[in-house]
S.K.: 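Okay, here's the structure, questions in a sec.
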There are 2 protein chains.
Amino acid sequence: MDSIDSVGSFGSVADEDFLRLDLQVCFSLHSAARAFNAAYRTALKELGLTYPQYLVMLVLWEHGELPVKKIGAYLRLDSGTLSPLLKRLESADLVERRRSRDDERSVTVRPTENGIALRARALAVPRRIATATGLPLDEIRELRTRLNVLAEALDAADLAADAADES
Amino acid sequence: MDSIDSVGSFGSVADEDFLRLDLQVCFSLHSAARAFNAAYRTALKELGLTYPQYLVMLVLWEHGELPVKKIGAYLRLDSGTLSPLLKRLESADLVERRRSRDDERSVTVRPTENGIALRARALAVPRRIATATGLPLDEIRELRTRLNVLAEALDAADLAADAADES
DNA sequence: CGACATTAAGTTGTGCACAACTTAATTGTG
DNA sequence: CACAATTAAGTTGTGCACAACTTAATGTCG
């Protein structure tokens, strides 16, 4: 068994050390995501929104009315996640859903008056979070870029693995 | 209404721009966390572990037997999350749980022989992920550090907000 | 000692993520 | 045109995160 650098490009790092580092990195990412979630949960509580619901509202405020499919494309969420979430937003009277006339398969979602009005109250939220991070705007932007690179690389590798499965 | 830099320390950035940036940053973090999750899900599939279960096993492999409380401290997870997760690991015969003799409130968790054996197969996983990220080890470590700083700042701010609530 | 607070696990309920599936509408092709 | 393939939503089931609660054991203090 080649326990030293068995796959390559990482110098002579033993699997053992990788496992230890992995605990640290996994923990950090998982933890940061949960800390973000918690910070937003606190900030969004008075708006009556969860973090994913806030993301959907952000997209709708930005783009106006959108079919479910497009919301999913922007946020990389499928209908299994979005359908119940949008139902909750609808019963909170923040969005309306109606079948598209020219394609009966599609459902168009748009903010109600209430949903549009909520935007004004949401404006204060991101600044609060940015302040909470204690990071200057430049670093927030840089972190965003790094995370995007990371996510894209992982997505690409995962897709490649999927493709390799079909052989 | 003071829509320009109403809280301070961010130059003259309008709330509107903050909301737009927020969509991008939120999306990036959320997306990176989910991409990581997906990459691990793929890699861990053959081990029969989910990502959080893998994290728990990492901690147990590292520290040996631990009370539930300590596992939660390492991973910042409460009993509401850990209890059912550990039950599943137990019914998969990867861990054993038994009441501590000297403190009947505490439950000690330790890997079974099966659980210990699984470590050998898990050794390949983190290297696969590291390769998938396409990042050199240095940058992985740096990202970890940045995420830790971020998580700590957010946790601290969130606790401060909680404390401020009680007044 | 005995009432009370604290602590560790566990339970319950809500919401999200995702896989696998169903349903209904549309598109493409013979 | 007819029928198979594709597409958009939605449904179902599993697992995680977390809040709020319960239960049982341990500590603490009058």
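Note that the structure is predicted; figures quoted are calculated from it, not measured. A note on names: the letters A, B, ... follow the listed sequences, proteins ahead of strands, and every chain is numbered from 1.
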S.K.: Without decimals, in angstroms, what is the distance between Arg41(B) CZ and dA19(C) C1'?
M.R.: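 Checked: the CZ to C1' distance equals 9 Å.
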S.K.: Work out which heavy atom in Pro84(A) is nearest to a heavy atom in Ser79(A); give both atom names and the distance.
M.R.: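 Closest approach of Pro84(A) to Ser79(A), heavy atoms only: CD-O, 3.9 Å.
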S.K.: Scan Arg99(A), Arg97(A), Glu65(A) and name whichever one has a side chain to side chain contact (heavy atoms under 4.5 Å, CB included) with Thr108(A).
M.R.: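 Option passing the side chain to side chain contact (heavy atoms under 4.5 Å, CB included) with Thr108(A): Glu65(A).
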S.K.: Should the ring pair His63(B) and Tyr74(B) be called parallel, tilted or perpendicular, given that the plane angle runs from 0 to 90° and is split at 30 and 60?
M.R.: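 Judged by the thresholds at 30° and 60°, the geometry between His63(B) and Tyr74(B) is parallel.
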S.K.: Would you say that Gln53(B) contacts Leu85(B) through its side chain, given a criterion of any heavy-atom pair below 4.5 Å between the two side chains?
M.R.: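 Side chain of Gln53(B) against side chain of Leu85(B), heavy atoms only: contact under 4.5 Å found.
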S.K.: In residues 57-86 of chain B, which residues come under 4.0 Å of DNA chain C by heavy atom?
M.R.: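 Only Pro67(B), Val68(B), Lys69(B), Ser79(B), Gly80(B), Ser83(B) qualify.
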S.K.: Taking C-beta and beyond as the side chain, do Arg119(A) and Met57(A) meet within less than 4.5 Å on heavy atoms?
M.R.: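 No, too far: nothing below the 4.5 Å cut-off.
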S.K.: Nearest-Å distance, CZ (Arg34(A)) to P (dG15(D))?
M.R.: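 Going from CZ in Arg34(A) over to P in dG15(D) covers 19 Å.
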S.K.: Tell me, which of residues 89-111 of chain B have any heavy atom that sits under 4.0 Å from an atom in DNA chain C?
M.R.: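 Residues of residues 89-111 of chain B that come under 4.0 Å of DNA chain C are, in numerical order, Arg97(B), Arg99(B), Arg105(B), Ser106(B), Val107(B).
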S.K.: Can you check the Leu49(B) CG to dG15(D) P distance for me, whole Å?
M.R.: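 Going from Leu49(B) (CG) to dG15(D) (P), I get 12 Å.
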S.K.: Name all residues meeting the side chain to side chain donor-acceptor pair (under 3.5 Å) criterion together with Thr112(B); count only those two or more places apart in sequence or in a different chain, and write none if there are none.
M.R.: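 Result, side chain to side chain donor-acceptor pair (under 3.5 Å) vs Thr112(B): none returned.
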S.K.: Within the structure, does a side-chain N or O atom of Lys45(B) lie under 4.0 Å from either OP1 or OP2 of dC18(C)?
M.R.: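 Checking dC18(C) against Lys45(B), no side-chain N or O comes under 4.0 Å of OP1 or OP2.
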S.K.: Salt bridge or not for Glu142(B) and Arg146(A), using N-O below 4.0 Å?
M.R.: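 Salt bridge flag = yes for Arg146(A) with Glu142(B).
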S.K.: Under a 4.5 Å cut-off applied to non-hydrogen side-chain atoms, are Leu21(A) and Leu137(B) in contact?
M.R.: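 Result yes, sub-4.5 Å side-chain heavy-atom pair found.
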